Amino acid sequence: MQEKRPTLDGLEQVLELIASDPRIQPNFSGWIRASLRSGGGKIRVLRYISDHARSDGAPPQILDVGAQFASLAVYAVKLGYHAAAVDYGPAAKTFQKVASDHGVDYKECDVGAEALPFPDNQFDFVTYTDVMEHHAFSPKRVLREIQRVLVPGGRVIVVTPNHASIYNRLKLLFGGSVNDDFDYFFDLCADERTYDGHHREYTRAELRAALGRTQFQVLECRVFEQDLIPLLHYLRRHRTRAEIFPESRDLFLCALGEIWALLHLPLDRWIWAVGEKTGDGKT
């Protein structure tokens with residue numbers, strides 16, 4: 001039976017469906033299942049699309065840029081949407097085969113060098129989440145491409161870390177770094193030609209400017225904390241102290257996020273922004 005509303009249980013089923021596919025390498029399976037801990041972001045995105053879908057009842061056409069293993073797109077198909085996805089890298093061919101079997105139009109695309117492999121004015125929504133901070137280049141070219149493939153009135157949903165979060169400010173105050181872990185970057189990634197971690201994070205003002213300079217009307221631009229419920233849901237499957245203890249930091253930060261929200265302070269770890277394509281969207 002087709003679901004009508006995105007739920008955490010529904011996302012968990014999709015993650016298990018992908019992780020248990022025999023084509024998925026064992027080292028990826030655990031990573032895919034563990035993504036449930038931050039699954040609230042995908043639920044937030046899919047619920048936004050559900051709440052803002054076309055009034056004529058036609059299934060929304062969505063594109064997920066930087067889809068990885070395509071759980072968002074696969075879940076979107078199960079919700080009755082038409083979903084496409086793009087990503088690039090060593091595992092992309094495997095993810096493409098698995099996602100395609102579940103109805104996703106998954107294409108390989110290096111967004112730093114190539115145009116999105118879709119025609120103009122095709123999608124109602126483009127999701128661009130947890131991606132732009134990984135680019136070793138300006139996201140302007142990607143946002144322009146997103147503009148191109150959106151229908152007039154279509155929307156891009158962007159989620160990216162908040163560089164001005166209270167946690168980053170405290171790290172700097174006490175002499176720490178806001179960059180990725182130094183040992184991981186310097187030693188474990190020493191033989192990689194291109195670093196896959198965060199190259200540049202953004203503030204709300206910068207993200208709003210990025211959308212405005214690529215001819216989007218900014219409908220929303222706010223901060224939020226990682227949802228506590230998905231993390232607790234995930235931890236219920238990890239009963240031992242050794243497995244739960246490493247997650248205690250995120251539990252604490254999620255709880256703090258509830259305080260920032262109540263006080264209406266822009267201190268949380270993530271930025272959520274929505275931009276609408278107006279007119280013909282030409283830049």
Side-chain angles (χ1 to χ4, degrees), residues 25 27-42 45 64-69 71-72 86-92 95 110-113 127-143 158-207 210 223-228 230-231 234-235 243-257 260 266-273:
Q25 296 178 16
N27 59 313
F28 282 133
S29 295
W31 167 53
I32 291 169
R33 291 185 177 98
S35 69
L36 181 66
R37 64 194 295 281
S38 56
K42 288 182 172 60
V45 167
D64 189 21
V65 174
Q68 292 185 329
F69 45 86
S71 58
L72 188 147
V86 296
D87 211 330
Y88 183 78
F95 296 151
D110 180 358
V111 296
T127 57
Y128 187 35
T129 64
D130 307 328
V131 178
M132 63 189 300
E133 66 272 12
H134 292 274
H135 294 330
F137 50 85
S138 166
K140 187 172 186 177
R141 70 188 77 172
V142 184
L143 288 169
V158 184
V159 178
T160 192
N162 176 20
H163 196 55
S165 72
I166 185 63
Y167 315 107
N168 283 351
R169 297 179 194 213
L170 288 174
K171 285 178 183 177
L172 289 172
L173 181 64
F174 291 102
S177 172
V178 298
N179 294 313
D180 289 351
D181 179 74
F182 177 76
D183 291 336
Y184 172 76
F185 169 75
F186 192 78
D187 292 323
L188 296 182
C189 298
D191 295 328
E192 296 181 11
R193 182 174 179 179
T194 302
Y195 178 59
D196 290 332
H198 292 194
H199 286 263
R200 193 189 199 286
E201 295 183 0
Y202 298 83
T203 66
R204 281 192 303 163
E206 289 172 335
L207 185 52
V223 299
F224 72 98
E225 187 54 70
Q226 178 177 323
D227 294 329
L228 184 60
L231 182 55
Y234 171 72
L235 289 178
E243 290 171 316
I244 292 177
F245 182 75
E247 306 290 346
S248 59
R249 172 183 172 274
D250 270 348
L251 283 168
F252 177 68
L253 295 181
C254 288
L256 282 181
W260 311 142
L267 302 175
D268 294 312
R269 285 186 288 175
W270 298 93
I271 308 174
W272 162 281

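Fair warning: this is a prediction, and the values are worked out from it, not measured in the lab.
Note that OH of Y195 is 13.0 Å distant from CZ of F186, once rounded to the nearest 0.5 Å. Atom OG1 in T203 sits 11.5 Å away from atom CG in N168 (nearest 0.5 Å). The distance from atom NE2 of H163 to atom CD1 of I271, rounded to the nearest 0.5 Å, is 10.0 Å. Separation of atoms CH2 (W31) and CD (Q25) is listed at 11.0 Å; rounding is to 0.5 Å. Once rounded to the nearest 0.5 Å, the distance linking OG1 of T194 with NE2 of H134 reads 14.0 Å. Residue S71 holds its OG atom at 13.5 Å from CZ of R33, rounded to the nearest 0.5 Å.
Shortest non-hydrogen contact noted between A34 and R37 is O-CG, 2.9 Å. The shortest heavy-atom contact between V86 and V65 is CG2-CA, 3.8 Å. Scanning both residues, Y202 and T160, for their nearest heavy atoms gives CD1-OG1, 4.3 Å.
Inter-residue side-chain proximity for V158 and T129 is flagged as unmet; no heavy-atom pair is nearer than 4.5 Å. Side-chain contact between Y128 and V142 is present, with at least one heavy-atom pair separated by less than 4.5 Å. With a 4.5 Å cut-off on side-chain heavy atoms, Y167 and L267 do not count as touching. Side-chain contact between L207 and M132 is present, with at least one heavy-atom pair separated by less than 4.5 Å. A heavy-atom distance below 4.5 Å is found between the side chains of P161 and W270. Residues W272 and V45 form a side-chain contact, since some pair of their non-hydrogen atoms from C-beta on lies under 4.5 Å apart.
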Chi angles and distances behind the side chain to side chain contact (heavy atoms under 4.5 Å, CB included) call for L72, T127:
CA-CA 9 Å; L72 188 147; T127 57; 4.1 Å; yes
May I have the step-by-step check of side chain to side chain contact (heavy atoms under 4.5 Å, CB included) for V178 and R169, ending in yes or no?
CA-CA 8 Å; V178 298; R169 297 179 194 213; over 6 Å; no
Could you please spell out the steps behind the side chain to side chain contact (heavy atoms under 4.5 Å, CB included) verdict for Y184 and C189?
CA-CA 6 Å; Y184 172 76; C189 298; 3.6 Å; yes
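Note on residues 179-205: pairs passing salt bridge (charged side-chain N to carboxylate O under 4.0 Å, His left out), not counting sequence neighbours, are R200-E206.
Aromatic rings of F69 and F28 (six-membered ring for Trp) have centroids beyond the 6.0 Å cut-off, not under it.
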